[in-house]
Student: 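Please read through the structure below; I'll follow up with questions.
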Amino acid sequence: MLLLSDLKEKLAERQRIVITTHFKPDGDAMGSSLGLYHWLKGNGHEVDIIVPSDYPSFLFWMPGQDQVIVYPADKQRADQLIERADIIFCLDFNNLSRIHEMEPAIRNAEAVKVMIDHHLSPEGFDDFRHWDNHAAATAQLVYDFIVNQFDDRAKVTPEIATSLYTGIMTDTGSFRFQSTTAEVHLIVADLISLGAENWKIHEHIFNSSTENRLKFLGFCLLNRLEVIPEYNTALFAVSSEDLKTFNVTTGDTEGLVNYALSVSGIRLAALIIDRTERVKLSLRSIGEIPCNEICATYFGGGGHKNAAGGQSTAPIAEVVDSFKSILPKYKNLLI
Ligand code: 5GP
Ligand code: MN
C-alpha cells in the first residue's frame, strides 16, 4: 500500500500514466477519466485513457474524448502503453473483471495502481485507493482528490469542470437520487463557477437522441413493460430482435430502466436485455431493496444498493423467470 504522501512525491515528477475505466463506460466513467486526464496533463504528465469497449455517442462531445483509446480497436498500442506505464489509474470500478479483456494486461502491469471508485467490495488489486461507497459518483471523488487531497483547485480548467460535472450529473440521475447530498450540490456549484456550462451539458446528454432511439423507447413502453403489482416490481424484457429492429446502439438503452421505476408504487425495476452473447440485467430500487445483493447472488454482478447490474448465459425467457422467482424472497422489503 502506498501513502498519499508517496503518491504526491511520485506525481511531483513527470510520469507515464494510463487511465482506465469499466466496460461500456457511462457518463461517470468517462467524466471522471477525462477530468483526471486533463488535470494530469496540465501538470506535465504523459497520459492516455484506454477503455475496454465503445461508449455511448451522447458522450462524443466531451472534451478530449477523441483522444481515448478503445482497447479492442488498438490492442497492440494499448498493451504497450500499459506495459510501460509508471502509474495506472483505475476509475469507477474496483474489480478487474469489470474491464473484461483488458484484465490480464492491467493485472500483470508493473505500474503503481491507483483506484478511485464508489462501488462496494473492492477486490484489492490497488496500491493506493481513494474509495468511498457513499460518494454519488467517481467524478465527485476525483474532484476531492484534486481539490482537497492535492490542494490544486487553481489548476481546475473548464474542461476538467465540464468532465466532472457530467460524471456527477449522470450518476445522480440529474441530481435526483438519494446520493445527492448538500455536499454534492456544493461541489457542482463550484464546478459551474470553474467553467462547467451546466445547461449545455444537459443539452448534450439529454437532447441528442436519434429518431430510432425515441421510437425504440416508445416501443418498449408500449410492448415490453410488465408490471407485477403484487411485488411492486416492473420490468422490461428486450429481445435481440427488438435491438435489431430499432438498430439499437451503445447507450440507446441508457435510462430505460428508470421508466419502469417511475410507475407509481414501483419499488424494484429491471431491464433485461438479450445481447446475444449474454443476457444483461440492470436493476434499480427504492429504499432498502438491495439490487447489488440480488445481482451478486443470482446474476454474477454487483453495483450499488439502489442500482446494480449482472448477466446470465441462460436464454432470456429463463432469466426473466428466475428474476420473477426471486421476488418472493424479498417480499418483506417489496411490499
Ligand atoms: P447499469 O445497470 O447502469 O449497467 O449499472 C448500474 C450499476 O451497477 C453501475 O454502478 C455499474 O457499475 C454496476 N454494474 C453493472 N453491471 C455490473 C456487473 O456486471 N458487475 C458489477 N460488479 N457491477 C455492475
Ligand atoms: Mn459511477
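Note that ligands are numbered from 1 as they come in the structure, with each ligand's atoms numbered from 1 the same way. Residue numbers start at 1 and run along the sequence shown. Owing to the predicted nature of the structure, the values given are computational and were not obtained by experimental measurement.
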Student: Look at atom 6 (C) of ligand 1 and say which protein heavy atom is nearest, naming residue and atom and giving the distance to 0.1 Å.
Tutor: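 Here the closest protein heavy atom is R284 NH1, 3.6 Å.
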Student: Any donor-acceptor pair under 3.5 Å linking the side-chain atoms of H45 with those of D86?
Tutor: no
Student: So, H119 versus N133: side-chain donor-acceptor pair below 3.5 Å or not?
Tutor: no
Student: What protein heavy atom sits nearest atom 17 (C) of ligand 1, and how far away is it?
Tutor: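 Answer for atom 17 (C) of ligand 1: G309 O, 3.4 Å.
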Student: Decide, yes or no, whether a salt bridge links E288 with K305 under the criterion of side-chain N to carboxylate O below 4.0 Å.
Tutor: yes
Student: Starting from atom 10 (O) of ligand 1, what is the nearest protein heavy atom, named by residue and atom, and what distance separates them?
Tutor: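 The closest heavy atom on the protein side is H119 NE2, 2.8 Å.
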Student: How are the rings of F89 and F145 set relative to one another: parallel (under 30°), tilted (30 to 60°) or perpendicular (over 60°)?
Tutor: perpendicular
Student: Can an N or O of G302 be found at a distance shorter than 3.5 Å from an N or O of ligand 1?
Tutor: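 Checking ligand 1 against G302, an N or O pair does fall under 3.5 Å apart.
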Student: Enumerate, atom names and distances included, each donor-acceptor pair closer than 3.5 Å involving a side-chain atom of residues 159-168, sequence neighbours excluded.
Tutor:
| unit_1 | atom_1 | unit_2 | atom_2 | d |
| --- | --- | --- | --- | --- |
| E159 | OE1 | T157 | OG1 | 3.3 |
| T162 | OG1 | P158 | O | 2.7 |
| S163 | OG | E159 | O | 2.8 |
| Y165 | OH | H202 | NE2 | 3.0 |
| T166 | OG1 | T162 | O | 2.7 |

Student: Would you mind running through ligand 1 and noting each atom that sits below 4.0 Å from a heavy atom of G301?
Tutor: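 Here the atoms of ligand 1 in question are 18 (C), 19 (O), 20 (N), 21 (C), 22 (N).
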Student: Looking only at heavy atoms, is any part of E254 under 4.0 Å from ligand 1, and if so is it the side chain, the backbone, or both, or is it neither?
Tutor: neither
Student: Is there side-chain contact between T172 and Q140, with at least one heavy-atom pair below 4.5 Å?
Tutor: no
Student: Using 0.5 Å steps for rounding, measure from the NZ atom of K41 to the CD1 atom of I17.
Tutor: 10.5 Å
Student: Any idea which atoms of ligand 1 are less than 4.0 Å away from a heavy-atom of H304?
Tutor: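 Checking each atom against H304, I get 10 (O).
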Student: If you look only at distance, which donor and acceptor atoms sit under 3.5 Å apart when one is on a side chain in residues 241-250 and the other is two or more places apart or in another chain?
Tutor:
| unit_1 | atom_1 | unit_2 | atom_2 | d |
| --- | --- | --- | --- | --- |
| E241 | OE1 | S239 | OG | 3.4 |
| D242 | OD1 | R224 | NH2 | 3.2 |
| D242 | OD1 | S239 | OG | 3.2 |
| D242 | OD2 | R224 | NE | 2.7 |
| D242 | OD2 | S239 | N | 3.1 |
| D242 | OD2 | S239 | OG | 3.3 |
| T245 | OG1 | E241 | O | 2.8 |
| T249 | OG1 | D252 | OD2 | 3.2 |
| T250 | OG1 | K24 | NZ | 3.1 |
| T250 | OG1 | D54 | OD2 | 3.0 |

Student: Can you find an N or O of H22 that's nearer than 3.5 Å to an N or O of ligand 1?
Tutor: no
Student: Just jot down the ligand 1 atoms closer than 4.0 angstrom to any heavy atom of G303, in number order.
Tutor: 8 (O), 13 (C), 23 (N)
Student: Below 4.0 angstrom, N of the basic side chain to O of the carboxylate: do K324 and D321 qualify?
Tutor: no
Student: Identify the closest protein heavy atom to atom 12 (O) of ligand 1: which residue and atom is it, and at what distance?
Tutor: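 Sorting protein heavy atoms by distance from atom 12 (O) of ligand 1 puts R98 NH1, 2.9 Å first.
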Student: Suppose we measure from atom 16 (N) of ligand 1 to each protein heavy atom; which comes out shortest, and what is that distance?
Tutor: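 Closest protein heavy atom to atom 16 (N) of ligand 1: K280 NZ, 2.9 Å.
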Student: Report yes or no: is the cationic atom of K8 (NZ for Lys, CZ for Arg) closer than 6.0 Å to the six-membered ring centre of F150, at no more than 45° off its axis?
Tutor: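 Yes, a cation-pi geometry.
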Student: Please list the nearest protein heavy atom to atom 7 (C) of ligand 1 with its residue and the distance rounded to 0.1 Å.
Tutor: A307 O, 3.5 Å
Student: Tell me the protein N, O or S atoms under 2.8 Å from the Mn ion (ligand 2), in chain and number order.
Tutor: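 The answer is D28 OD2, D92 OD1, H118 NE2, D171 OD2.
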Student: Which residues pass the ring-ring contact (aromatic ring centres under 6.0 Å, His included) test with Y55, sequence neighbours left out?
Tutor: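 Counting only residues at least two positions away or on another chain, Y55 forms a ring-ring contact (aromatic ring centres under 6.0 Å, His included) with F60.
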Student: Got an N/O contact under 3.5 Å between Q311 and ligand 1?
Tutor: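 By distance alone, the answer is yes.
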Student: Any carboxylate oxygen within less than 4.0 angstrom of a Lys/Arg side-chain nitrogen, looking at D79 and K75?
Tutor: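 Salt bridge present between D79 and K75.
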Student: How close does the nearest protein non-hydrogen atom get to atom 4 (O) of ligand 1, and which residue and atom is it?
Tutor: S282 OG, 3.7 Å
Student: How far does CZ of R84 sit from CD1 of I82, to the nearest 0.5 angstrom?
Tutor: 12.0 Å
